[in-house]
2 protein chains.
Amino acid sequence: MTDTDRPATGLRPTRQRLAITAALQASVDFQSAQEVHDAVRQNGEKVGLATVYRTLQAMADAGEVDVRHSPAGEATYRRCSTSHHHHLVCRSCGRTVEITGSAVEKWAHAVADEHGFTEVAHTVELVGLCAECSRQQQARTS
Amino acid sequence: MTDTDRPATGLRPTRQRLAITAALQASVDFQSAQEVHDAVRQNGEKVGLATVYRTLQAMADAGEVDVRHSPAGEATYRRCSTSHHHHLVCRSCGRTVEITGSAVEKWAHAVADEHGFTEVAHTVELVGLCAECSRQQQARTS
DNA sequence: GCCGGGATGGGAATCACTCTCAATCTACCG
DNA sequence: CGGTAGATTGAGAGTGATTCCCATCCCGGC
């Protein structure tokens, strides 16, 4: 068992893995495993669902992709290190706003550093009521 | 129908709901629905799993609890507004450090405000390698 | 070209969660 | 105080995502 510690290229570059990587690169947004699977198929490659899950997980482990859980309970993946941003989600209507905040990035790094942690990734999720839903709710509560 | 402070759809304070609320109040940490279910039972109340899920969801909707998705894919719940803190988790050994950061809280509020969102809750998760695991990893890569 | 071990894939298994629907309970009315 | 409407409950089936199993396949080295 050779240890597979090498960052990006540690995994064997099989046709399937390349296809999955390509599918991820093709989108800027978070995609569920199933979506990735579909995308790969539409590119003409045939890859098993199990393989998609496995590969995605391996990549997440290696820090090559970010994982996130959608409210629907699906895990979604996005290639790392590209226009890093967070989401502000309305808990009522699901509306989503993308936000970037260098403030948080800095804070995350500082905190991690303080505790001796390295290679830190972070997930920030803001959930609230968007302006419209707030209004509606107020009207209902009166 | 002059109900003054009851949440929108008028939740009835049934035995089951009170039991669930109590179970939530009893813990400071995030609990999965199943854990809440167990806790309720250990308190001597008999409540159906479906009811737990329904109630938890209703409470989340009403903003009375925070929801969060554990990496394991379970939804976990925590009563709102009590000793709010975040976690710094080691992705290798699972070690966890609790952190508080008023900086993030402020940022979250500011951003939410900026976009007209109200009643904003936030989840922040930092994942990295703790000092020890960093060291081991380095040793292994050589 | 041949070998060894990691990688693959299809389908069954698992797990968290939701739905269905009849029985039950609550609040409130007369 | 009994009656009624409608909210609530719970057991189990259903759903959908993800993982497991294992025989087969392929990559990379020799």
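Letters A, B, ... are given to chains in the order of the sequence lines, protein chains preceding strands, and every chain is numbered from 1.
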So do Q31(B) and L24(B) actually touch side chain to side chain, heavy atoms under 4.5 Å? yes

Would you mind reading off the distance between L56(B) atom CG and dA16(C) atom P, rounded to a whole angstrom? 15 Å

Return the value, rounded to whole Å, for the distance between atom CD of Q31(B) and atom C1' of dA16(C). 17 Å

For the residue pair L129(B) and F117(A), establish whether any side-chain heavy-atom pair is separated by less than 4.5 Å. no

Rounded to whole angstrom units, what separation is found between the CZ atom of F30(B) and the P atom of dA16(C)? 18 Å

Nearest to side-chain heavy atoms of Q34(A), which nucleotide of dA16(C), dT18(D), dG10(D): dT18(D)

Can you tell me the distance, in whole Å, between the CD atom of E35(B) and the P atom of dC15(C)? 15 Å

Show me the donor-acceptor pairs, under 3.5 Å and distance only, between side chains in residues 106-114 of chain B and residues at least two apart or in other chains.
none

Could you check if a side-chain atom of D29(A) sits within less than 4.5 angstrom of a side-chain atom of T76(A), using non-hydrogen atoms only? no

Interatomic distance, I20(B) CD1 vs dT8(D) P [rounded to whole Å]: 12 Å

Contact check, side chains of E35(B) and D38(B), non-hydrogen atoms, under 4.5 Å: no

Pick out which of R17(A), Q16(A), R41(A), R15(A) makes a side-chain contact (heavy atoms from CB on, under 4.5 Å) with V47(A). Q16(A)

Could you tell me how far apart D61(A) (CG) and dT19(D) (P) are, to the nearest whole angstrom? 11 Å

Out of dC17(C), dT18(D), dT9(D), whichever nucleotide has its closest atom nearest the side chain of Q16(B): dT9(D)

Compare all side-chain heavy atoms of T14(B) with those of L18(B) and state whether any distance is below 4.5 angstrom. no

Quickly work out the H69(B) NE2 to dG16(D) C1' distance and round it to whole Å. 14 Å

The side chain of K46(B) lies closest to which of these nucleotides: dA7(C), dA11(D), dG10(D)? dA11(D)

So if I define the base as every atom that isn't primed, P, OP1 or OP2, how would nucleotides 18-27 of chain C read as a B/S/- string at a heavy-atom cutoff under 4.0 Å? BB-----BB-

Could you tell me how far apart E74(A) (CD) and dC15(C) (C1') are, to the nearest whole angstrom? 15 Å

Selected nucleotide, minimal atom distance to T51(B) side chain, candidates dT9(D), dT18(D), dC17(C): dT9(D)

